[in-house]
Number of protein chains: 2
Amino acid sequence: MNLPVATTRIQKRNVGLIAEAALEVFSSNGFRGATVDQIAREAGLSKPNLLYYFPSKEAIHTYLLSTLMDTWLDPLREVDEGGDPLDEILAYVQRKLELSRERPRESRLFANEILHGASNILPLLETDLKSLVDEKAALIQGWMDAGRIKPANPHHLIFSIWSLTQHYADFDVQVRAVLGSAAGDPFPDAEDYLATMFTRLLRPD
Amino acid sequence: MNLPVATTRIQKRNVGLIAEAALEVFSSNGFRGATVDQIAREAGLSKPNLLYYFPSKEAIHTYLLSTLMDTWLDPLREVDEGGDPLDEILAYVQRKLELSRERPRESRLFANEILHGASNILPLLETDLKSLVDEKAALIQGWMDAGRIKPANPHHLIFSIWSLTQHYADFDVQVRAVLGSAAGDPFPDAEDYLATMFTRLLRPD
DNA sequence: AGCCAAGCTGAAAATTTGGTCAGCCTGCGC
DNA sequence: GCGCAGGCTGACCAAATTTTCAGCTTGGCT
């Protein structure tokens, strides 16, 4: 499972091309549904050349997931103890919703991995993710104890932010099918709705 | 795409075994990730025997999805114009959360299908699902206009119920990884949290 | 220019997998 | 107990797909 350490100019370019192509293909077909041929074609490389940079299909997948993890958690890391509690949480919701809009492929790749048991990243979830969430949950609990926002289970609060925002990336097809083709971009309404939802949940009387 | 019409005793038993096994295998590996061998082994049948009942792997998948659709929409159908608005919506949330607990495999099968473009069921989403949602959204909008619950975008309200409840089935692995193995069943806390969330969102002052 | 490691390729090996086939069992009505 | 449609199987095929390999090409350094 040697992950490539891109050093030369050509290596950097081709590893980048492969990662971009693999993200496209894996996110729309899943790991098993994707073929190396597809990824190679999408990247504009021959199949043996692609396998010159990554030892196997699995290695590309693992590389993508490990790269993705940090990007995915950054918005939560940014939640700041010093800010206004409600503003901080609303801003987090907003950042996550933006990720769903701007990087739906990453969201779907991640969703697919979790859905199928997270076999590649379960250890990461149980350590890095858990400790980050525990830390932020404690922070939020502190705000609640201080009466600065209304009480609610902070872990499930974080889950709810994930599920509500990622829904607009992962279930995009369903959202658009239900709203109808005439409805246009669902994101502005989603943004309003989610702001309302978390404001009413948390704003003190 | 001949779907089997089980008539004899043995047919009923084996079609049932196959459906159960296929649900297990498809939901944990996705359509492409599942093999006919796996399904046959899980069902306790030989591969040719399985293909004696269904003409192809695809046919099994389609059969499962078409059977599933109704089960999945029933809780929304039950939302009743005559009931108390907030109670009706909270009861819907509860029913959906129960489905996530009792039938996580069905939820994941569905999620996987949508995630990969819903190619098998998109027409159903654009017709049956859309009209049901539109009908219930209008009902909810009526309750809001009458001041019986607070205003909020009714379509996105329905989306939020789907995403929040299905999260506990589809992302179960992640939820448990974050809460830790010591935490026990996450569902009771989820139920409380969701009840709080929708009550604060909708209950008139 | 000349060298050589890095970059790349066509062809094919190895493996997985969906589906077929010829024919053997078996439950059950007579 | 006989016949036979329904039920079932081992062996096999064809297609798809991952991975390997022997060797050709090229970029960049001296």
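Any value given below was found using the heavy atoms of this structure, including those in side chains, with hydrogens, waters and symmetry copies removed. Residue numbering restarts at 1 for every chain, and letters A, B, ... go by the order of the sequence lines.
Between Asn14(B) atom CG and dT26(C) atom P there is a gap of 15 Å when expressed in whole angstrom units. With rounding to whole Å, Tyr52(A) atom OH is found 15 Å from dT26(D) atom P. Rounded to a whole Å, the CG atom of Leu17(A) is 15 Å from the C1' atom of dC8(C). As rounded to whole Å, 14 Å separates atom C1' of dT9(D) from atom CG of Asp37(B). dT17(C) atom C1' lies 14 Å from atom CD1 of Ile60(B), rounded to whole Å. Remark: C1' of dT20(D) and NZ of Lys47(A) are 11 Å apart, rounded to the nearest angstrom. One can place CZ of Arg41(A) at 10 Å from P of dT17(D), the figure rounded to the nearest angstrom. Taking atom CD1 on Ile39(A) and atom P on dT17(D), their separation rounds to 12 Å, with Å as the unit.
Among the nucleotides dT19(D), dT17(D), dG6(D), the one closest to the side chain of Gln11(B) is dG6(D). Closest to the side chain of Leu51(B), out of dG7(D), dT20(C), dC8(D), is dT20(C). Among the nucleotides dT20(D), dC8(D), dT20(C), the one closest to the side chain of Pro48(B) is dT20(C). Each of dT9(D), dG7(D), dC8(C) was ranked by its minimum atom distance to the side chain of Ile10(A); first place goes to dC8(C). Across dC8(C), dT17(C), dT17(D), the shortest atom-to-atom separation from the side chain of Thr35(A) is found for dT17(D).
For Ser46(A) and Gly33(B), each mapped to the nucleotide of DNA chain C holding its nearest heavy atom, the one lying further toward the 5' end belongs to Ser46(A). Where Arg32(B) and Arg9(B) each meet DNA chain D at their nearest nucleotide, the meeting point lying more 5' is that of Arg9(B).
Listed pair Thr8(A) / dA6(C) fails the phosphate criterion, with no side-chain N or O lying under 4.0 Å from OP1 or OP2. The phosphate of dG7(D) (OP1 or OP2) has no side-chain N or O of Asn49(B) nearer than 4.0 angstrom.
Under 3.5 Å, the side chain of Lys57(B) and the base of dG19(C) form no donor-acceptor pair of N or O atoms.
Ion pairing between Glu20(A) and Arg105(A) holds under the 4.0 Å rule for side-chain N and carboxylate O. The pair Arg77(A)-Glu135(A) does not count as a salt bridge, with every side-chain nitrogen at least 4.0 angstrom from each carboxylate oxygen. Salt-bridge formation is detected for the pair Arg101(B)/Asp185(B): a Lys NZ or Arg NE/NH1/NH2 atom is positioned less than 4.0 Å from an Asp or Glu carboxylate oxygen.
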> Run the side-chain hydrogen bond (donor to acceptor under 3.5 Å, both in side chains) check on His156(A) and Asp192(B) step by step: do they pass?
Replying inline: CA-CA 10 Å; His156(A) 289 268; Asp192(B) 285 350; over 6 Å; no

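Residue Ala34(B) is classed as a sugar-phosphate contact, given heavy-atom separations below 4.0 Å to backbone atoms only.
Looking only at distances, no side-chain donor or acceptor of Ser107(B) sits under 3.5 Å from a matching main-chain atom of Pro104(B).
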